[in-house]
Amino acid sequence: MHEGLDDAELILRSSREPELFGLLFERHAEAMLAFFARRTLDAESAAELVAETFAEAFSSRRRFRDEGVDGVGWLYGIGKHLLSRYFRAGAVEARARRRLGMPERTVSDDDYDRIEELIDFERFGEALDEAMSVLPEAQREAVRLRVVDERSYGEVAAELGCTEPTARMRVSRGLRRIAGVLETDPSDAPIELERRRWQRRSTT
């Protein structure tokens with residue numbers, strides 16, 4: 001019976017019924033994961049940013065006021081603030097998760113594959129090739145095999161003569177560095193898409 005509530009109503013009511021906040025996660029976590037993945041180009045950082053955004057939102061939900069800022073805009077506002085911190089610090093903070101006593105976020109092999117699919121490397125085109133030139137040779141070759149040649153991490157490791165965790169680390173570090181070079185799309189398109197999606201749903 002709570003499915004008909006809009007995002008703002010969910011946030012407001014979750015101050016008294018915290019379990020309702022899970023519905024907000026179900027609605028927006030996947031789109032937010034894509035939002036972070038396309039800006040960080042790093043699966044682990046994207047997953048951590050999603051977890052920290054929702055932890056911070058949950059912690060501050062009692063301060064939310066439905067005064068011209070709808071729920072999804074408020075949520076992405078928190079996310080964009082954390083993303084700015086990430087680019088300044090080079091790491092994802094876990095302050096909200098520590099306050100809530102949440103376990104450390106781990107990313108499985110399947111998670112890596114799924115999140116990298118969300119990034120859609122093809123849209124970067126030639127800019128990706130140019131950005132790769134700033135990488136150390138080991139990272140550049142790992143990124144080329146994984147992203148350009150679309151090889152599995154096992155195949156990347158075999159080609160480079162290293163372990164699979166090392167291959168994954170080289171790709172991750174290379175993509176993180178590339179993200180700082182590329183001018184990724186700064187628009188709020190994910191927010192607008194989410195708004196439209198829930199507006200349509202609320203009118204049907």
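The structure displayed is predicted, hence computed values, not measured ones. The analysis underlying the following values was restricted to heavy atoms, covering all of them including side chains, and did not include hydrogens, waters or symmetry mates.
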Measuring only between side-chain heavy atoms, which start at C-beta, is [X] closer than 4.5 Å to [Y]?
X    : Y    : result
I115 : F36  : no
V143 : L135 : yes
H28  : D7   : yes
V147 : L175 : yes
E155 : S152 : yes
L49  : M32  : no

Where do [X] and [Y] come nearest, in terms of heavy atoms and distance?
X    : Y    : answer
A142 : A167 : CB-O, 4.5 Å
A131 : I178 : CB-CG2, 3.8 Å
C162 : R170 : SG-NH1, 4.1 Å

Qualifying residues under side-chain contact (heavy atoms from CB on, under 4.5 Å), relative to [X], sequence neighbours excluded:
X    : answer
R176 : D42, S45, Y86, S172
A158 : none
S15  : R62
F21  : S14, L24, F54, A57, F58, R61

Whether R13 and E17 form a salt bridge (side-chain N of Lys/Arg under 4.0 Å from carboxylate O of Asp/Glu) is what I want to check.
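Result for this pair is yes, salt bridge flagged.
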Assess whether a salt bridge exists between E44 and R173, defined as any Lys/Arg side-chain N lying under 4.0 Å from an Asp/Glu carboxylate O.
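Here E44 does not pair with R173 in a salt bridge, since their nearest N and O are not under 4.0 Å apart.
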Could you name each residue pair satisfying side-chain hydrogen bond (donor to acceptor under 3.5 Å, both in side chains) that touches residues 136-149, not counting sequence neighbours?
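The answer is D113-R146, E116-R146, E141-R144, R144-D149.
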Euclidean distance, [Y] [atom2] relative to [X] [atom1], rounded to 0.5 Å:
X    : Y    : atom1 : atom2 : result
R168 : Y153 : CZ    : OH    : 5.5 Å
F35  : L118 : CZ    : CG    : 13.5 Å
F25  : T53  : CZ    : OG1   : 10.5 Å
K80  : I78  : NZ    : CD1   : 13.0 Å
L23  : I11  : CG    : CD1   : 11.5 Å
R27  : L75  : CZ    : CG    : 11.5 Å

Counting N and O atoms only, with roles assigned by atom type, does the side chain of S60 sit under 3.5 Å from a partner on the main chain of R63, one being a donor and the other an acceptor?
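Absent.
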If hydrophobic clusters are built by linking Ile, Leu, Val, Met, Phe, Trp and Tyr wherever their side-chain heavy atoms come under 4.5 Å apart, do M169 and L41 end up in the same one?
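M169 and L41: separate clusters.
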Under a single-linkage rule joining Ile, Leu, Val, Met, Phe, Trp and Tyr whose side-chain heavy atoms are separated by less than 4.5 Å, which residues share a cluster with L160?
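Reading the cluster by chain and number, L160 sits alongside L145, V156.
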In this structure, which one of R95, R97, R85 forms a side-chain hydrogen bond (donor to acceptor under 3.5 Å, both in side chains) with E52?
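The residue from R95, R97, R85 that satisfies side-chain hydrogen bond (donor to acceptor under 3.5 Å, both in side chains) with E52 turns out to be R97.
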